[in-house]
2 protein chains.
Amino acid sequence: MYERKIKRTYICGLDIISEIIGGKWKPCLINLIHKNVLRPSDLQRAMPRASRRALTIQLNELEAHGIITKTIYPVLPPKVEYRLTEIGECLLPITIAMDNWGNEYMDQFKHLLEGKETEQDEGANP
Amino acid sequence: MYERKIKRTYICGLDIISEIIGGKWKPCLINLIHKNVLRPSDLQRAMPRASRRALTIQLNELEAHGIITKTIYPVLPPKVEYRLTEIGECLLPITIAMDNWGNEYMDQFKHLLEGKETEQDEGANP
DNA sequence: CGGTATCCAAGCGGATACTG
DNA sequence: CAGTATCCGCTTGGATACCG
């Protein structure tokens, strides 16, 4: 198990929430699970740009932090489902607002951020 | 100037907003500027855990992204003030909600995240 | 006071191969 | 299908010293 070399301190609220949803794919995972995309393979399909490893790690962290629960069905082939906890659902107003904000200003920032490109469709995302 | 080796793609709204407020101190900066902490030295005092370099870089990025404006007063000693743009103010519902969420669940997560420690007061933060 | 330059540690996460 | 282990490169940001 990996142990941080630099201990973290949590003083203001932003320290906490950045630990909870700061991971690259966490807000996306939360929103997808809320939309009933519950199984790892479905999540993977929904966010093809994330590696399986990244997904597993972030799902584990979300579970450890009490944001989601993990249900393992003892069947073959294995079946796992994640669901939001009550606390996890409290995050939805934030994660959804983030997604909405980004979509609203998407056009404006796409050019700014990507330099000059115009369009280019790649893997789909929620 | 540093140039990314890995180009980024912005497909969903979360990609965009994470680029805008993903920096470690950005939500904090936005909230502080909104609270009329406008000058670099005041911001630095308000968030003693951030290095001057980190602050400068993130302020520059926020400015480049059109979230804040920078006003340089031609006086001695130099005086600089940052202010939120209209778009920047649209972020407030999100950044403030993040801070509130974290504060609300602070106690619950502090123990979980810090391992077992209880209290320890360090630098103050908003 | 405000900003820059250099150097470098540590983290985050991708690629790949493997298990049950 | 779901998860783990190893390796390794990119990026972030801290420390420090210095300029206008």
Side-chain angles (χ1 to χ4, degrees), chain A residues 1-9 14-15 18-29 33 37-64 68-83 113 123, chain B residues 1-9 14-15 18-29 33 37-64 68-82 113 122-123:
Chain A
M1 202 37 192
Y2 179 75
E3 181 150 359
R4 304 201 99 77
K5 306 242 168 83
I6 296 178
K7 291 303 173 206
R8 300 208 171 157
T9 51
L14 290 168
D15 298 333
S18 103
E19 190 76 24
I20 304 296
I21 62 169
K24 190 171 177 181
W25 307 104
K26 284 182 184 174
C28 203
L29 286 170
I33 291 173
V37 184
L38 309 177
R39 302 183 57 182
S41 49
D42 292 332
L43 290 165
Q44 171 86 66
R45 234 187 313 282
M47 13 198 321
R49 288 177 300 155
S51 70
R52 209 137 50 103
R53 180 177 170 275
L55 250 49
T56 306
I57 291 176
Q58 308 221 347
L59 285 167
N60 285 344
E61 287 180 10
L62 287 172
E63 189 197 2
I68 59 175
T69 60
K70 175 179 187 173
T71 311
I72 305 177
Y73 297 91
V75 298
L76 245 61
K79 176 176 170 181
V80 170
E81 281 186 354
Y82 292 97
R83 289 178 197 278
L113 295 171
Chain B
M1 199 42 191
Y2 179 76
E3 180 151 357
R4 307 200 96 78
K5 305 242 168 83
I6 297 179
K7 292 303 172 205
R8 299 204 171 161
T9 53
L14 291 168
D15 298 333
S18 105
E19 190 74 24
I20 304 296
I21 61 170
K24 190 171 179 183
W25 307 104
K26 285 183 184 176
C28 203
L29 286 171
I33 292 173
V37 184
L38 308 177
R39 302 183 57 183
S41 50
D42 292 331
L43 289 165
Q44 171 87 67
R45 235 186 313 280
M47 15 198 319
R49 289 176 301 154
S51 70
R52 206 138 51 99
R53 179 176 170 277
L55 250 49
T56 305
I57 291 176
Q58 307 220 348
L59 285 167
N60 285 344
E61 286 180 9
L62 287 172
E63 189 197 2
I68 59 176
T69 60
K70 175 179 188 172
T71 310
I72 305 179
Y73 296 92
V75 298
L76 244 61
K79 175 176 171 183
V80 170
E81 282 186 354
Y82 292 97
L113 295 172
E122 295 192 19

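Numbered from 1 within each chain, the chains take letters A, B, ... in sequence-line order. Note that the structure is predicted; figures quoted are calculated from it, not measured.
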| Would B:Lys24 and A:Asp15 pass as an ion pair if we require N to O under 4.0 Å? | no
| Is there a donor and acceptor pair closer than 3.5 Å between the side chain of A:Arg52 and the base of D:dG3? | yes
| field | Spacing of B:Met47 atom CE relative to D:dG13 atom P, expressed in whole Å | value | 11 Å
| said: Just to be sure I understand the rule, does A:Pro78 reach a base, reach only the sugar-phosphate, or reach nothing, if contact means heavy atoms closer than 4.0 Å? | reply: base
| remark: Separation of C:dC12 atom C1' from A:Glu19 atom CD, nearest Å, is 13 Å
| Hey, does A:Tyr82 reach any base, or is it just sugar-phosphate, or nothing, if we go heavy atoms under 4.0 Å? | sugar-phosphate
| field | Distance in angstrom units between A:Lys7 NZ and C:dA9 P, rounded | value | 20 Å
| request: Could you please spell out the steps behind the side chain to side chain donor-acceptor pair (under 3.5 Å) verdict for A:Glu81 and A:Tyr73? | output: CA-CA 8 Å; A:Glu81 281 186 354; A:Tyr73 297 91; 3.1 Å; yes
| task | Map B:Lys70 and A:Glu61 onto DNA chain C by nearest heavy atom, then report which one ends up closer to the 5' terminus. | result | B:Lys70
| task | Verify the contact: side-chain N or O of B:Arg4 to OP1 or OP2 of D:dG9, cut-off strictly under 4.0 Å; return yes or no. | result | no
| For DNA chain D, whose closest nucleotide is more 5', that of A:Lys79 or that of A:Arg53? | A:Lys79
| message | I'd like to check A:Tyr82 versus A:Leu38 (side-chain heavy atoms, cut-off strictly below 4.5 Å). Are they in contact? | response | no
| request: Write down the distance between CG (A:Asp15) and P (D:dG13), rounded to a whole number of angstrom. | output: 14 Å
| said: Using a 4.0 Å heavy-atom cut-off, does B:Asn60 contact any base of the nucleic acid, only the sugar-phosphate backbone, or nothing at all? | reply: sugar-phosphate
| Closest to side chain of B:Arg8, choosing from D:dC1, D:dC10, D:dT12 | D:dT12
| request: Quick one: label A:Gln58 by what it contacts on the DNA or RNA (base, sugar-phosphate, nothing), any heavy atom closer than 4.0 Å. | output: sugar-phosphate
| 4.5 Å side-chain heavy-atom contact, A:Val37 and A:Gln44 | no
| field | Sugar-phosphate only, base, or nothing, as touched by A:Ile57 at under 4.0 Å among non-hydrogen atoms | value | nothing
| Once you round it to whole Å, what is the distance between C1' of D:dG3 and CZ of A:Arg39? | 14 Å
| request: Check whether any side-chain heavy atom of B:Leu59 sits under 4.5 Å from a side-chain heavy atom of B:Lys70, and report yes or no. | output: no
| What integer distance in Å separates B:Glu81:CD from C:dG2:P? | 10 Å
| field | Interatomic distance, B:Leu38 CG vs C:dC1 C1' [rounded to whole Å] | value | 15 Å
| task | Quickly work out the A:Leu43 CG to D:dA2 C1' distance and round it to whole Å. | result | 12 Å
| field | Among C:dC12, C:dT4, D:dG3, the one nearest B:Thr56 by side-chain distance | value | C:dT4
